[in-house]
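Input: a single structure, listed below in structure tokens.
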Amino acid sequence: MRNSLTLSKEEVDSLLTAGTPHVIRINMPSTGTIAFNDMIRGDVSFDMSTVDDKVLLKADGMPTYHLAVVVDDHLMQISHAFRGEEWLPSAPVHIRLWEKLFGRDAMPQWAHLPLILGPSGKLSKRDGAKYGFPVFAMNWTDPKTGETVEGFRERGFLPEAFINLLAMLGWNDGTEKEIFSMEELIEAFSMERVHSAGAKFDYEKAKWYNQEWLRGKPVQEIILALRSQFESLNSLNSLNSLTLERIVELVRDRCHLLTDFKEQMSYFMEYPKTVDVAAIQPKWNAEKTAFFQALMDRYGAMESWSALELEESFKTLATEQSIKPGELMLPLRIMLVGGKFGPGVFDIADILGKEETIRRIEVLTAQLTNN
RNA sequence: GGCCCGUUCGUCUAAGGGCUAGGACACCACCCUUUCACGGUGGUGAUACGGGUUCGAAUCCCGUACGGGCUACCA
């Protein structure tokens, strides 16, 4: 290696006077060990001979992280330095710096936290793309490529859930409690219970945390969150707030993420984009056509409109025409919703209103009958 | 390769020398539900391997294997 340690003093001096670019490195001793106590890992020690002589000041005079972090922590009188495990190998450099610069007594307490790992190794953007989950809290655009990576917030995670799930990766309070608010975390957290092993991130469990938080949230707050989530979705504004509340209450159990609401609520706001006709076409017959035509008349004549009355009227008619209601429920659902999902059909019809309900029955009855 | 850290169900974890190794996510089955979910009940499933120490080891020690991190004039 060509540096001031291997060059003669004359050569060094002449290079210096010639203004040759150079860096300043730490000179780690070639013998002895450097040991320190980590709050999570206990006693850790390194052979000083195996530690690199890291660059402290770059050729342009700017300090590297190694120098900067020690000086900065000293200036800010940091008592505890918590950082990721990836810093453990350079800890000896920092400790050596503390010894020489400010004294070991002034050194903060160290804690090297376990890493959050992807399905294979350190969590990376690649993992996110490969397995379809976010890796950043919020949308992040690569300044070089201009590519944007979707964040947890944009994916539909609540901040409370995100904090909660992160905290439980490598820590627990010793009980079976898993749902913690920020306040509860502050109260319960203790460094002693932090793990030393890295934790693999599990997207399924992450969604479960969000579902739990969604479950405990008042409808009003969910609506607020939905409004900020879907700034562009002005169809939310087209519904009056009472209807919106009813819809959210009806579909919330079916949603893991805020973004799930978009799909779950869509058929309330517009005619279904896709209709699973194939699910009912094979069993369609003249009797069913007759039933739904009669149903439209009945519904059209109804003076009040409620889920209970709609169901009653529906079943009465089915009995009159000697068709099992079970064979008619799915067709009605497909007509109103477009697929085999969603809350109770009569609740949906209730919210949809008389005009829209009849219109949807009419559209599909005509289509099925003609085929 | 070298150095450092780690290893309990597939995943997150509990049990800090002493009951049948407990819970959660996921998965499977059943119940509830004339859809899909929610919910309920039950089930499959783990102490990496080999040596020690001990009356007794997931737990302490050593070795091996495996995993991860670091090894930039990045942080």
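Both backbone and side-chain heavy atoms feed into the values below; hydrogens, waters and symmetry mates do not. Residue numbering restarts at 1 for every chain, and letters A, B, ... go by the order of the sequence lines. Just so it is clear, the model here is predicted, and its values are computed rather than measured.
- The side chain of A/Asp253 sits closest to B/rC38 out of B/rU11, B/rA24, B/rC38.
- Contacts of A/Arg193 with the nucleic acid, taken as non-hydrogen atoms under 4.0 Å apart, involve only primed sugar atoms and P, OP1 or OP2.
- When the P atom is used for both B/rC36 and B/rU47, the distance is 38 Å, rounded to whole Å.
- Counting non-hydrogen atoms under 4.0 angstrom, A/Val23 reaches a base of the nucleic acid.
- For A/Thr64, taking side-chain heavy atoms from C-beta onward, the closest of the listed nucleotides B/rU13, B/rC73, B/rG23 is B/rC73.
- Here B/rU71 presents its C1' atom at 6 Å from NZ of A/Lys54, a figure rounded to the nearest Å.
- The phosphate of B/rC70 has neither OP1 nor OP2 within less than 4.0 Å of any side-chain N or O from A/His66.
- Side-chain polar atoms of A/Thr148 and A/Thr141 form a donor-acceptor pair below 3.5 angstrom.
- With hydrogens and angles left out, the side-chain atoms of A/Ser45 and A/Thr33 include no donor and acceptor closer than 3.5 Å.
- The phosphate of B/rG6 (OP1 or OP2) has no side-chain N or O of A/Arg41 nearer than 4.0 angstrom.
- Taking the six-membered ring where the residue is Trp, the centroids of A/Trp213 and A/Phe157 are separated by 6.0 Å or more.
- B/rG56 and B/rU44 have their P atoms separated by 31 Å, given to the nearest Å.
- Straight-line distance between the P atoms of B/rG23 and B/rA46: roughly 14 Å, to the nearest whole Å.
- Between B/rG63 and B/rU53, the distance separating the two C1' atoms is 15 Å to the nearest Å.
- At a threshold of 4.0 angstrom between heavy atoms, the contacts of A/Pro343 include nucleobase atoms, whether or not backbone atoms are also involved.
- Dashed line: the shortest gap from a side-chain N or O of A/Asn172 to OP1 or OP2 of B/rA14 is under 4.0 Å.
- Here A/Lys122 reaches the OP1 or OP2 of B/rC70: one of its side-chain N or O atoms lies under 4.0 Å away.
- Distances shorter than 4.0 Å separate none of the side-chain N or O atoms of A/Lys315 from OP1 or OP2 on B/rU34.
- For the C1' atoms, the distance linking B/rC25 with B/rG18 amounts to 31 Å, nearest Å.
- Across all strands shown, B/rC60 forms a Watson-Crick or G-U wobble pair, both distances under 3.5 Å, with B/rG52.
- Phosphate proximity of B/rG39 to A/Arg215: present, with a side-chain N or O under 4.0 Å from OP1 or OP2.
- With respect to A/Lys125 and A/Glu147, no salt bridge is recorded, no charged nitrogen being found less than 4.0 Å from a carboxylate O.
- Salt-bridge annotation for A/Glu184 and A/Lys177: present, with a side-chain N of the basic residue lying under 4.0 Å from a carboxylate O of the acidic one.
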